[in-house]
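Here's the structure, in structure tokens; my notes come after.
First the proteins, then the strands, lettered A, B, ... as listed; each starts at 1.
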Amino acid sequence: MPKLNEDKEGIRVLMMGNEAIVRGALEAGVNVAAGYPGTPSSEIIENLSKVAQERHLYVEWSTNEKISLEVAAAASFAGLRAICPMKQNGVNVASDFLLHLAGSGTRGGLVLVTCDDPGALSSANEGESRHFARMIEIPLLEPGDFQEAKDMTKWAFELSEELKNVVMLRSVTRMSHASGMVRLGKLPERMVKAEFKCRGPLLDQETGPVSSMPVVYHHTLQQEKLRRARELFEESPFNTYEGPEKPELLVITGSACTLYCREAIHLLGLKDRVGLLKLGTTWPLPPKFMKKYLALTEKILIVEEVIPFLEDSVKILAAEQAAEIGIKTFYGKNDGTIPMVGELNPDLVAAGLSKIMGAPYASMDGEYAKEAQEAAGALAPERDLTFCPGCPHRASFWSIHKALQLDNRKGFVCGDIGCYSLGARPAGFSTVKIAHAMGSGLGLACGFGKLEAFGMDQPTLTVCGDSTFFHAALPALVNAVHHEANTTLIILDNSGTAMTGFQPHPGLPINALGQAAPQIDIAKVCEAMGAKVVIRDPFELEETRATINALLEEEGIKVLILRQICALSPEKKGKKSHTMRIDESRCLGEECGCNRLCTRVFRCPGLIWDKEKKKSRIDEVICAGCGVCADICTSGAIRREEPVSV
Amino acid sequence: MKPLIQDPYNIILAGVGGQGNVMGSRILANMLSRKGYFLTIGETFGASQRGGSVMSHLRVSAASTLSTQIPKGKAHIVIALEPVEAIRIIAAYGNREVIVLTNTRPVHPVSVIAGESGYPEIETIQKTLEGLSSRVWLIEATEEALRLGNPILSNIIMIGAVSGLDILPLELEDFTAVIEETFPKKLLDVNRQAFQIGRDKVK
Ligand code: SF4
Ligand code: SF4
């Protein structure tokens, strides 16, 4: 694999979509990058940080997406080029500042990369960032393959500078995390000096003070910029047509859906009957360019993920141009040709196409499909997600679950976003009953805590991770302390943003570039705010359980920090602190009063239930050697053989 | 560039989170891209690292970039790092001509650990796969990898096995070149050994 900063113009390499975006930014001479980790966007900052030194970049993991956009905007205001990647949920967080930013405009090229997750492959929703582009009135670009992911990123910086406003580039999971071929371009030598010019006249965007006020003036200017974008898009090489001169059906698409459409047309053998209009500049749409293609035929199918964004825009244009292009029949999401939820794939597009065109398509031979699916149904048990072997969260939820059972007041856990979201599933003993946005767990608990006057007497617990604590739980903690909320915040501190690949955060003594950085002590912060703080090791099951029960008895806001490093962290991965062994003579299995608590309830994947022997067994390939299960077993059958030398 | 037996040629690498699926598909793809082919890899990870099923779709073409998801029923080779994952993949992407290579070592889903569902015998898995494909190779990759000192090497053993089938232009030299770019020097030898073990398994 050639490195991302390889200065070999013209060679073709295999790149992940996120790497292609990074390469595009490097070719554009990006100076500053800031983001908050979130799948599927995280690799952008990660890869930029790897080449930061050689390419003279400033790269940071910010505490949340709003701050990352502010950091990137500062660079732009000082005349530099900056990139700010985030996942779809991050755009919600950043949107407060984004609205202001779009009003004030920018100076150096500023590209907001949003990585949406259609199908919610690793998210708690499949929200879309594209609507922000329309709502906030900034141009939107959507790459249709890997080459474009690179080329459009580079162009996005130029566009941003030409328009003097932030440009949104939207990727999706199947672009960001998929890989394809990219031909490299040139890396520039671009040394610019940062300077914030702010002594010019009020209304001069290049030298005056930066603000979205006076609002009507700036809003008008912003719309002129959008009109200019529309004009530029008329000529954009990223909008292309392939297919016959007089197609029976015109498919309009963009993003990763381009590849699905091309494949579906090929699968159905419809090359001579169906035209494919691929759009790279999806907001605002260029009307003249669109008219030329909308005029080609009566029938139009729009293919996109997730909700009908393009479909709406195209319909508006077609209505405006109806006198010249005639009346159209539209197929897409609204009429159900393409599903309204979830991600697409070539088969779903083929199914839609086959319906419209009356071209039969069976993806699999029917008899084979039946046989294979029956086999899978009978032989391939579902694989529910679970915490990794040796994960501290399994131990934490075990104790939380037991504490709530003992407490017996119908207490419940308000959850949050991270690996520990699995606390809502059997992996976490279904302990988490509510889970929304980052930081919302504590905010909700504050609210529940105020319902005593209405007769509510259930205690609440909140879990959040260490990274989430800094991201969005801090303001909620302020609220909880100030309003004397009765709740317990359990910070599952595993020393990193584990869910997205272990990125550092302000609680660690290291920054995105791997340099030493001042570490913020979560316990001290909470104490300073006025909360009672207790720290425990979640692997000490009994002590943790007892602590939670004690805290549940106390009034006010209490913080319990359960501190134990993530099983996948570089310090721990592949190193066992214990070799585990099952003493078969002691393992009572189903005969045991617990009816095998270890495998039936605790369910660490490092344990196996040996059906024939009717005993538990350790799977040495999977067991991480954390030793926790030894304390689960009431008959002392699971033994730690310590310590293991590595 | 040698012409492919079929263009596009579709390979699926499947397994369970944590088995090195992503790394395996990247190595295989880089070997092929060295030969000049167009490659796409579609993969899911993230939440799927936590014990869920994972799969990578590899598409090889002499001509163009394709959908990163293979259409249903269109796999040519399925490489499974875990045996029931092979069956799961076949149900969606299999066909009578597909070639299947599977590691024999099960990774029990939590529902099996908890006793809510059962895990089939390896003989049943083998018979089922034989009924649903043109050729099946069962490889004790994890056991061999443990002998080499690290279970994660099972993915390299499986890639070695694919190269041994002579259905794709994959030579030991390509593998060596790619791992030299991927791994630190001290790991080269053991990886090369793992690759060779896989090759020998299918000869
Ligand atoms: S990545 Fe870390 S925190 Fe997440 S499930 Fe695995 S061990 Fe637990
Ligand atoms: S020691 Fe027990 S709890 Fe820890 S990873 Fe191994 S089997 Fe799981």
message: Could you check whether any side-chain N or O of B:Lys74 sits under 3.5 Å from a backbone N or O of A:Ser363, counting only pairs where one atom can act as donor and the other as acceptor?
response: yes
message: Between B:Gly115, B:Ser25, B:Pro109, B:Gly73, who has the most heavy-atom pairs with chain A when the cutoff is under 4.5 Å?
response: B:Pro109
task: Report the option among A:Lys370, A:Met175, A:Arg600, A:His266 that has the most heavy-atom pairs separated by less than 4.5 Å from atoms of chain B.
output: A:Arg600
- prompt: With the threshold set at 4.0 Å, does a side-chain nitrogen-carboxylate oxygen contact exist between B:Glu82 and A:Arg383?
  reply: yes
statement: Rounded to the nearest 0.5 Å, the CZ atom of A:Arg174 sits from the OG atom of B:Ser67 at a distance of 9.0 Å
- prompt: Nearest 0.5 Å, what's the CZ-CG distance between B:Arg34 and A:Leu14?
  reply: 13.0 Å
message: At a 4.5 Å cut-off on heavy atoms, which part of A:Leu344 comes close to chain B: side chain, backbone, both, or neither?
response: backbone
task: Would you mind checking if A:Arg603 and B:Glu116 are paired as a salt bridge, meaning a charged N to carboxylate O distance below 4.0 Å?
output: yes
- prompt: Is the side chain of A:Glu263 donor-acceptor paired with the backbone N or O of B:Gln69 at a distance under 3.5 Å, no angle test?
  reply: no
- prompt: Within a radius of less than 6.0 Å around CD of B:Glu171, do more than 12 heavy atoms belonging to other residues, nucleotides or ligands occur?
  reply: yes
message: Quick check for you: to the nearest 0.5 Å, what is the distance between B:Ile113 atom CD1 and A:Phe602 atom CZ?
response: 11.0 Å
task: Indicate whether any N or O donor in one side chain lies under 3.5 Å from an N or O acceptor in the other, for A:Ser179 and B:Arg26.
output: yes
field: Selection from B:Ile87, B:Leu132, B:Thr68, B:Thr40 maximising heavy-atom pairs under 4.5 Å formed with chain A
entry: B:Leu132
CA sep, side-chain torsions, deciding dist, call: B:Ile41, A:Met16, side-chain contact (heavy atoms from CB on, under 4.5 Å): CA-CA 8 Å; B:Ile41 314 177; A:Met16 197 193 264; over 6 Å; no
message: Under a 4.5 Å cutoff for heavy-atom pairs, which residue among A:Thr258, A:Ile608, A:Leu259, A:Leu422 has the most contacts with chain B?
response: A:Leu259
- prompt: Is there a donor-acceptor contact under 3.5 Å from the side chain of A:Asp347 to the main chain of B:Pro71?
  reply: no
field: A:Leu348 versus chain B, the contacting section by heavy-atom distance below 4.5 Å
entry: neither
Residue selection (most heavy-atom pairs with chain B, distance under 4.5 Å) from A:Gly180, A:Ala380, A:Pro381, A:Ala376: A:Pro381
message: Tell me whether the count of non-hydrogen atoms from other residues, nucleotides or ligands lying under 6.0 Å of CD in A:Gln147 goes above 12.
response: yes
Separation of A:Met181 CE from B:Ser61 OG (nearest 0.5 Å): 10.5 Å
message: Please rank A:Glu374, A:Glu371, A:Arg12 by heavy-atom pairs under 4.5 Å with chain B and give me the top one.
response: A:Arg12
field: Donor-acceptor contact below 3.5 Å, side chain B:Arg88 vs main chain A:Leu379
entry: no
Residue, of B:Leu58, B:Asn95, B:Val84, B:Ile152, that accumulates the most heavy atom pairs under 4.5 Å with chain A: B:Asn95
message: Out of A:Tyr368, A:Trp609, A:Phe387, return the one with the most heavy atom pairs under 4.5 angstrom to chain B.
response: A:Tyr368
message: Between A:Glu382 and B:Val110, is the side-chain contact (heavy atoms from CB on, under 4.5 Å) condition met? List the steps.
response: CA-CA 9 Å; A:Glu382 282 290 320; B:Val110 271; over 6 Å; no
- request: Check each atom of A:Cys257 against the heavy atoms of chain B and say whether the ones under 4.5 Å are side chain, backbone, both or neither.
  value: neither
message: Tell me whether B:Lys35 at atom NZ has more than 12 heavy atoms from other residues, nucleotides or ligands lying less than 6.0 Å away.
response: yes
query: Nearest 0.5 Å, what's the CD1-NE2 distance between A:Ile622 and B:His108?
result: 8.5 Å
statement: B:Gly42 and A:Ala178 have their tightest heavy-atom pair at CA-CB, 4.1 Å
field: B:Ala177 portion near chain A, given a 4.5 angstrom heavy-atom threshold
entry: neither
